[in-house]
Amino acid sequence: MELQQMRYVLAVAETMSFTRAAERCHVVQSALSHQVARLEQELGTRLFERTTRRVRLTPAGEAFLPAARQCLAAAERAVAEVAAAVGEVRGQLRVGVISSVAAVDIPRALRDFRRRYPQVRVSLRVGASEELVERVGEGDIEVAFLGLPTTARPQGVEAHALGRDRLVAVVSPDHPLAHAETVDLRRLAEEEFVDLPAKTAGRAQSDLAFAAAGLTRDVAFEVTNTHFLARLVGQGLGVAMLPYAYVAQLSGVTTLEVTDAPARVEYVVWPTGGRTPAATAFLRLLDVPEAPEGVAT
């Protein structure tokens, strides 16, 4: 079993297309298909179900992916560790972020990192906190920045708290509340909301606060990106609650203090197996200690 074969399988699984996987891997489709078929023959089972319309993983394929990811990660880490032993930082750095990250200026941090370590390939993934924690735990991402309600901590990863922030209300400039200095949850409960999807950590911060106050609210629009969320608010489609440090980046909306506002904690997390040389170098730039505050299991 070759590492390249596993890379091809992962590319097909992530794109659900042999054509797009070949483009991503910079090979012709026939070569990629041949290598995947060879691996399937070696394993004695099909990893993908192929039709003229779609590609999907078989149960065997689903079972194969986690081990393949771990194997590739271990191989890449071995190469990076050898380079680090002679004073070089190379390899890859996969960073996950929530769209409302505010405790760290991610673009500036990546700029500084790139200038210092130009041999490291960097990829950035934007997602929900719980998804990012899962990807870090599986070894798919080396470092992730996320936000959680104050009652929760990242599970199954090593974590360092970066800061605590309160939520504020965000409304359109012509909203009746736009000229108020403060508002409370009871008044906000009368409004329609734009919010993140249900059961995400970003949504839970508000849901828990309204539930604790014995209030219900109407979430009329669910979006996965806070920048687009703010645009909907700016068009008067609803109100929202977002972290105070984050809303300073927004335009076209008005911010109000919430007297009984919930809070969130931003964390940076990395796998329990330790940091890669690239992750260590990146977090060192951010003054994140190598010893975590604790491993949540």
Side-chain angles (χ1 to χ4, degrees), residues 97-106 126-130 132-133 144-154 159-269 293:
V97 298
I98 55 173
S99 59
S100 62
V101 64
V104 174
D105 186 336
I106 299 296
V126 180
S129 293
E130 56 281 358
L132 296 177
V133 169
F145 298 85
L146 47 109
L148 297 176
T150 55
T151 55
R153 277 189 59 85
H160 174 76
L162 295 169
R164 182 184 176 115
D165 197 6
R166 68 190 186 281
L167 301 192
V168 294
V170 181
V171 303
S172 65
D174 57 356
H175 191 280
L177 289 173
H179 300 292
E181 292 185 1
T182 62
V183 68
D184 60 18
L185 293 178
R186 184 169 297 279
R187 173 64 184 86
L188 287 173
E190 299 174 10
E191 301 291 328
E192 289 188 334
F193 271 78
V194 182
D195 210 333
L196 299 169
K199 298 183 179 179
T200 61
R203 170 77 170 268
Q205 298 157 28
S206 297
D207 283 347
L208 291 171
F210 280 97
L215 300 169
T216 59
R217 61 180 180 138
D218 178 16
V219 178
F221 293 88
E222 290 186 349
V223 296
T224 59
N225 183 285
T226 49
H227 285 286
F228 198 76
L229 181 154
R231 291 180 62 186
L232 296 185
V233 170
Q235 292 299 314
L237 293 175
V239 304
M241 292 180 66
L242 294 169
Y244 172 77
Y246 171 72
V247 297
Q249 307 172 30
L250 304 177
S251 60
V253 294
T254 299
T255 302
L256 296 133
E257 293 285 342
V258 180
T259 55
D260 46 354
R264 77 166 183 179
V265 178
E266 283 194 39
Y267 292 93
V268 58
V269 301
E293 295 175 345

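Being a predicted model, the structure only gives us computed values, none of them experimental.
- Counting only heavy atoms from C-beta outward, the side chains of Val104 and Val268 never approach each other to under 4.5 Å.
- Taking a 6.0 Å sphere around CD of Gln235, one finds it holds 12 or fewer heavy atoms contributed by other residues, nucleotides or ligands.
- Judged by distance alone, with hydrogens and angles left aside, the side-chain atoms of Ser129 form no donor-acceptor pair with the main-chain N or O of Leu146 at under 3.5 Å.
- Using a 4.5 Å heavy-atom threshold, the side chains of Leu242 and Gln249 count as separate.
- Heavy-atom minimum distance, Leu256 versus Ala180: CD2-O, 2.8 Å.
- Listed for the Glu266 side chain is a donor-acceptor partner under 3.5 Å among the backbone atoms of Ala102.
- No hydrogens or angles considered: nothing links the side chains of Thr259 and Thr182 as a donor-acceptor pair under 3.5 Å.
- Across all non-hydrogen atoms, the minimal contact from Val269 to Ala159 is CG1-CB, 3.8 Å.
- Smallest separation of non-hydrogen atoms from Leu162 and Tyr267: CD1-C, 3.9 Å.
- In terms of heavy-atom proximity, Val253 sits nearest to Val233 at CG1-CG1, 4.1 Å.
- Within the 4.5 Å cutoff, the side chain of Val171 has no heavy atoms near those of the Val183 side chain.
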May I have the list of side-chain donor-acceptor pairs in residues 193-201 shorter than 3.5 Å, sequence neighbours left out?
{"unit_1": "Asp195", "atom_1": "OD2", "unit_2": "Arg217", "atom_2": "NH1", "d": "3.1"}
{"unit_1": "Asp195", "atom_1": "OD2", "unit_2": "Arg217", "atom_2": "NH2", "d": "2.7"}
{"unit_1": "Thr200", "atom_1": "OG1", "unit_2": "Pro197", "atom_2": "O", "d": "2.7"}
{"unit_1": "Thr200", "atom_1": "OG1", "unit_2": "Arg203", "atom_2": "N", "d": "3.4"}

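- Glu190 and Arg186 are not joined by a salt bridge, as no carboxylate oxygen comes within less than 4.0 angstrom of a charged side-chain nitrogen.
- Here Arg231 contributes atom CZ and Leu250 contributes atom CG; the two are 12.0 Å apart, rounded to the nearest 0.5 Å.
- Between the CD atom of Glu191 and the CG atom of Leu177 there is a distance of 5.5 Å, given to the nearest 0.5 Å.
- Side-chain N/O atoms of Ser100 and Arg264 include a donor and acceptor closer than 3.5 Å.
- Of all heavy-atom pairs spanning Thr254 and Pro173, the tightest one is OG1-CA, 3.5 Å.
- Between Glu257 and Arg166, the closest side-chain pair of non-hydrogen atoms falls below 4.5 Å.
- Across all their heavy atoms, Ala213 and Leu185 have their closest contact at CB-CD1, 4.5 Å.
- Contact check for Leu167 versus Pro243: side-chain heavy atoms found under the 4.5 Å cut-off.
- With a 4.5 Å cut-off on side-chain heavy atoms, Val265 and Leu148 do not count as touching.
- Here the CG-CZ distance, from Leu232 to Phe221, works out to 6.5 Å after rounding to the nearest 0.5 Å.
- Put simply, CG on Asp207 and CE on Met241 are 10.5 Å apart, with the number rounded to the nearest 0.5 Å.
- For residues 222-264, the ring pair (Phe, Tyr, Trp, His ring centres under 6.0 Å) pairs, not counting sequence neighbours, are His227-Tyr246.
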